[in-house]
Structure formats: C-alpha cells, structure tokens
Amino acid sequence: MILLLELARGLAALWIFFFHVNSLFETSSQVIYQLSAYGNLGVPMFFVISGYVITQSAESSLKNEKSPFVFLKARFLRIYPAFWASVAIVLITPYIMASISALKSGEYMVPENILVKFNHIEWANFLWLSKVFFATSRDLQAEFNTVNAVYWTLAIEFQFYLVVFLALCFRKYYRHVIAIISTAAFLTMLIPNEINYGSFIHYWPSFSVGIALAYLHRNGVWSSYFLKHKSTQLIAIFGVTALLISSVTSFDNNHLFFAFCFGVFLWAITDIEKVIHKIKNSENKLFSYLLEPWLILGTMSYSVYLLHESINKLINMFVRQMIDPGNVLFSLLSITGTLLLCYPFYFFVERKFLSKNYKRMHQEVLASALSGRA
C-alpha cells in the first residue's frame, strides 16, 4: 500500500491547497472552483491514512519489541522540526515580499508584525501545538489563523501519536486499549459532552477508519479475497468510487462519513498497488514519468501542507507580472510554482528528520528521483 498511500497523500494535500486558493477559480474555471470548494475533506483523508500507517508502525514496534519511546521519538521528529521551520518561513515571507515590492516601487512598506500578536505564553502554546486546547468552539483553526490556519491539524495528529504511544506502553494489551478508545470516541459523538474541543477524541473516529483498514489487511481480509473475478472487481471499484463522490457533496459535508467512504475506497482498490508498481518499474518511461510527479507530491505532502498558503502569495507576485489573475493559467502556474518551491524544504528540512523506515520507504517510492542523493 506504500505507493497507493503516497498518491492519496499527494491528492489530499493538493485538494487542500486548491481549497485555500478556491477564489482564484471563481471566474476562470467553475469546474475547478466547485471541486476545490470541498478541499477541506483532504483533512479526514490525512487522518485515515495516518490511522493506517501508524497502526502498521505500532504493530511493527510490538513485534520487534521496541521501546514505545522509540516510536514516540520518531513521531515527534516527524511533526515538530518541520513545523517549527515552517513557522520561521511563514513569519519571514511577508518581509521577503515587501523587499521585492520595494525593488519595483522604491518604497519599503513594513509588513504587520505577527510576533506581537501573541504574548510569550501564547507563543509557547502555539509552538508546542497546545494552543488548540484553548479553543471555545469546533473552529480549531481560529487559534492558529494568525500565523497559518492548517497548523491545528498537527495538534490533533500529534495527540493521536501520543495516545498510540500510551497504548504501546501496555504492550500485549495494546489492541484492547485502542479498541476501548475507539468505542469511547464513537460514544462521544452520540452522547452530549463537555470534552475540550481541542481534544483528539472528537477526531479519533476518522483515524479509526484507517486503523480498521490496517487490521483488515493484517488479517488477510483483502478485497481480492471476496472479489475473485476482474469483472466483479471493476464493478466494486465503480461502486465505491460513486459512493465516495456522493459522500463529498452529500450529508452536509460530513467528515466522518467521507472518511468511512474513503476507507472503503482504499480497501476496494488495494490491488491497484500492483498496477502502480508495474508502471513505475516498466520500461515504458512515458508512463513512469507521468506517475513520478504524483509520487513526489505524495512524499513531500507534509511540506506542501505546511507552506502552500505562505509560499503561494510569494509566487503570485511573479506570475502576476506575466499573466492576468483572471486567467485560469495564472492559478495553475502559481500552484505549480508553489509546489516546486516546496520541494527544497522537503529535501533539506523535512527529509532530514525522517526515521530510517520512512527514509527507506521514500527511497523506494522515489527510487529514480532520489537515487544517488540519499
């Protein structure tokens, strides 16, 4: 599932990116405008993928009798260093833009100083992602909007890691603990409660979809086991695809229902992993090169997620000099330029803090792109 999940990660990051620049397409492309309007659903996609990957990682940790602290250290390094580096870039970018504008206008306009928006305690809570616990509504991103709206999901993600770490401390009872927490999370959806809005428990059901999918695969419950003929496999894929598409626009943008449909979709198309491998390793370089950019996008999806809003504003300054903002080409070029500028951050920052297993997986995914550079 490595290649398939990387493709899914890339699509989730790109969908969220389009969601945040949605207004650019309002007059230039109604199709993209309507599709990008639902880009916030990329968040539950990430949660489902995390549920799957972290479950596999936790089970591997148990099997190899590794300390839970090894797991936690790897998770900490996966989230925080890149997050802190991105905060620095987000804070610096307005000054870079102001300097570029000054070269053209001859007048330097000092940007708004974001640093003074928070006091020392608030900045400490922000940088440790604990600011999410001060939310007074389900609008968690309001606590991070001053710097970067997407950071709220990192707080939920790391809480998920912490809970898995604590469950790992129970060793052979790990699965029991996860089952109890999953049950409690679903009960909180049904029973009125006063649990802190920034708590992971509200989002655990989306993670649990990925957890369930991981255990289905670990126990040999693959879609091909039930769908033995290619004709029935194709019918099933068309069916779950239709279900996934309908979940996007139906049920009042219900994130959990979409997460469930996305999990079912991943389960049904698992065998496509073999097709992706064949394309990647085939002698037909055209197909391989068409696939490679999407795999690169998947591996650097965290970097894109962290930086896209800030970097896109910078890229727009240059693209605007060549193309009218009302042209759909302006939006597409600014998005492409942003993705290209995010790659150095992935390569020089995010990639440096990946665990050995993650580095191995990324090298496997991007064998042709990263060979000789690892």
Q) Is M97 reachable from V110 through a run of I, L, V, M, F, W or Y residues, each pair having side-chain heavy atoms under 4.5 Å apart? A) no
Q: Without swapping roles, check the side chain of T188 against the backbone of A185 for a donor-acceptor pair under 3.5 Å.
A: yes
Q) W267 versus L216: any side-chain heavy-atom pair under 4.5 Å? A) yes
Q: Look up atom CG in L14 and atom CD1 in I335, then write down how far apart they are to the nearest 0.5 Å.
A: 7.0 Å
**Q.** ring-ring contact (aromatic ring centres under 6.0 Å, His included) involving F353 - partner list, sequence neighbours excluded
**A.** none
Q) Do Y80 and W128 make the cut of ring centroids closer than 6.0 angstrom? A) yes
Q. Would a line drawn from the ring center of F160 to the ring center of Y203 be shorter than 6.0 Å?
A. no
Q | Closest heavy-atom pair and its distance - F118, E143 | A | CZ-O, 4.2 Å
Q. Around atom CZ of F238, are there more than 12 heavy atoms of other residues, nucleotides or ligands at under 6.0 Å?
A. no
(Q) Going by side-chain contact (heavy atoms from CB on, under 4.5 Å), name the residues that satisfy it together with L127, two or more places apart in sequence or in a different chain. (A) W84, V87, W123
Q | Cluster overlap F69 with I79, hydrophobic side-chain contacts below 4.5 Å | A | yes
Q.
With no hydrogens and no angle check, just 3.5 Å: does a side-chain donor-acceptor pair link T93 and S310?
A. yes
Q: Would you please test E273 and I2 for side chain to side chain contact (heavy atoms under 4.5 Å, CB included) and show each step?
A: CA-CA 8 Å; E273 176 85 1; I2 294 175; 4.2 Å; yes
Q) Do L7 and L295 have side-chain heavy atoms sitting under 4.5 Å apart? A) yes
Q: Verify whether one side chain among S86 and Y151 offers a donor that lies under 3.5 Å from an acceptor in the other.
A: yes
Q: Please find out if less than 6.0 Å separates the ring center of Y38 from that of F19.
A: no
Q) Among the clusters formed by ILVMFWY side chains lying less than 4.5 Å apart, do I245 and I235 turn up in the same one? A) no
Q) With side chains defined as the heavy atoms from C-beta onward, is the minimum distance between L140 and H202 less than 4.5 Å? A) no
Q. Does M109 CE have over 12 foreign heavy atoms under 6.0 Å away?
A. no
Q: Answer whether the closest heavy-atom distance between the side chains of R218 and Q56 falls below 4.5 Å.
A: yes
Q) Is a donor on one side and an acceptor on the other found under 3.5 Å between the side chain of H308 and the backbone of Y305? A) yes
Q: Anything under 30° is parallel, anything over 60° is perpendicular, the rest tilted; go ahead and classify F71 against Y161.
A: perpendicular
Q: First locate atom OG1 of T27, then atom OH of Y33, and finally report the distance between them rounded to the nearest 0.5 Å.
A: 10.0 Å
(Q) Between Q159 (side chain only) and G198 (backbone N and O only), is there a donor and an acceptor less than 3.5 Å apart? (A) yes
Q: Could I get the full list of ring-ring contact (aromatic ring centres under 6.0 Å, His included) partners for F47, not counting sequence neighbours?
A: F207
Q: Any chance you could measure L339, atom CG, to L297, atom CG, to the nearest 0.5 Å?
A: 6.0 Å
Q. CD of Q30: more than 12 outside heavy atoms within 6.0 angstrom?
A. yes
Q) In the single-linkage hydrophobic clustering (I, L, V, M, F, W, Y; side-chain heavy atoms under 4.5 Å), do L103 and V319 co-cluster? A) no
Q. Are more than 12 heavy atoms from other residues, nucleotides or ligands located less than 6.0 Å from atom CG of L115?
A. yes
(Q) Is it the case that the side chain of S28 and the backbone of N327 share a donor-acceptor pair, with hydrogens and angles ignored and the cut-off at 3.5 Å? (A) no
Q) Shared ILVMFWY cluster between F18 and L340, side chains joined below 4.5 angstrom? A) no
Q. Got a donor-acceptor contact below 3.5 angstrom from the N196 side chain to the F133 backbone?
A. yes
**Q.** Shortest non-hydrogen separation from V150 to E309 and the atoms involved
**A.** CG1-OE1, 4.2 Å
Q.
Show the nearest heavy-atom pair for residues S303 and F345, with the distance to one decimal.
A. OG-CD2, 3.3 Å
Q) Nearest 0.5 Å, what's the CD-CG distance between E26 and L24? A) 10.0 Å
Distance-only donor-acceptor hits, side chain of residues 169-180, under 3.5 Å, sequence neighbours excluded:
residue	atom	partner	partner atom	Å
R171	NH1	K66	O	3.2
R175	NE	E59	OE2	2.9
R175	NH2	E59	OE1	3.2

Q: Let me see the working for L154 and L306 under side chain to side chain contact (heavy atoms under 4.5 Å, CB included), right down to the final yes or no.
A: CA-CA 10 Å; L154 308 185; L306 291 173; 3.6 Å; yes
Q: Using the side chain to side chain contact (heavy atoms under 4.5 Å, CB included) rule, take L256 and F186 through it: C-alpha gap first, then chi angles, then the decisive distance, then the call.
A: CA-CA 11 Å; L256 179 56; F186 281 103; 4.2 Å; yes
Q | Note, W152 side chain near V43 side chain (heavy atom, < 4.5 Å) | A | yes
Q. Are any non-hydrogen side-chain atoms of V21 and T338 less than 4.5 angstrom apart?
A. no
Q: Please answer whether the main-chain N or O of N22 pairs with a side-chain N or O of S36 as donor and acceptor at a distance below 3.5 Å.
A: no
**Q.** Euclidean distance, M1 CE relative to I276 CD1, rounded to 0.5 Å
**A.** 9.5 Å
Q. Is there a donor-acceptor contact under 3.5 Å from the side chain of Q321 to the main chain of M317?
A. yes
Q: Give a yes or no on whether the ring-centroid distance for F158 and F200 is below 6.0 angstrom.
A: no
Q.
Just to verify, what does F330 make a ring-ring contact (aromatic ring centres under 6.0 Å, His included) with, not counting sequence neighbours?
A. none
Q. Looking at A8 and M45, what are the two nearest heavy atoms and their distance?
A. O-CE, 3.7 Å
Q: Applying side chain to side chain donor-acceptor pair (under 3.5 Å), name anything that partners T232, two or more places apart in sequence or on another chain.
A: none
**Q.** W15, CH2 atom: more than 12 neighbouring heavy atoms under 6.0 Å
**A.** yes
Q | Minimum heavy-atom distance between P81 and F76, given as atom pair plus value | A | CD-O, 3.5 Å
Q) With distance as the sole test, does E350 use its side chain to make a donor-acceptor pair with the main-chain N or O of A82 at under 3.5 Å? A) no
Q | Test item: Y52 and L266 side chains (from C-beta on) under 4.5 Å apart, heavy atoms | A | no
Q: Sort out for me which residue in L41, V248, I49 forms a side-chain contact (heavy atoms from CB on, under 4.5 Å) with F262.
A: I49
Q) Got a donor-acceptor contact below 3.5 angstrom from the D324 side chain to the G326 backbone? A) yes
(Q) How close do G42 and A12 get, counting heavy atoms only, and between which atoms? (A) O-CB, 3.8 Å
Q.
Between E122 and N119 (side chain of the first, backbone of the second, donor and acceptor by atom type, cut-off under 3.5 Å), is there such a pair?
A. yes
Q. How long is the span from the CD1 atom in I89 to the CG atom in N148, to the nearest 0.5 Å?
A. 11.0 Å
Q | Minimum side-chain heavy-atom gap F144-T153 below 4.5 Å | A | no
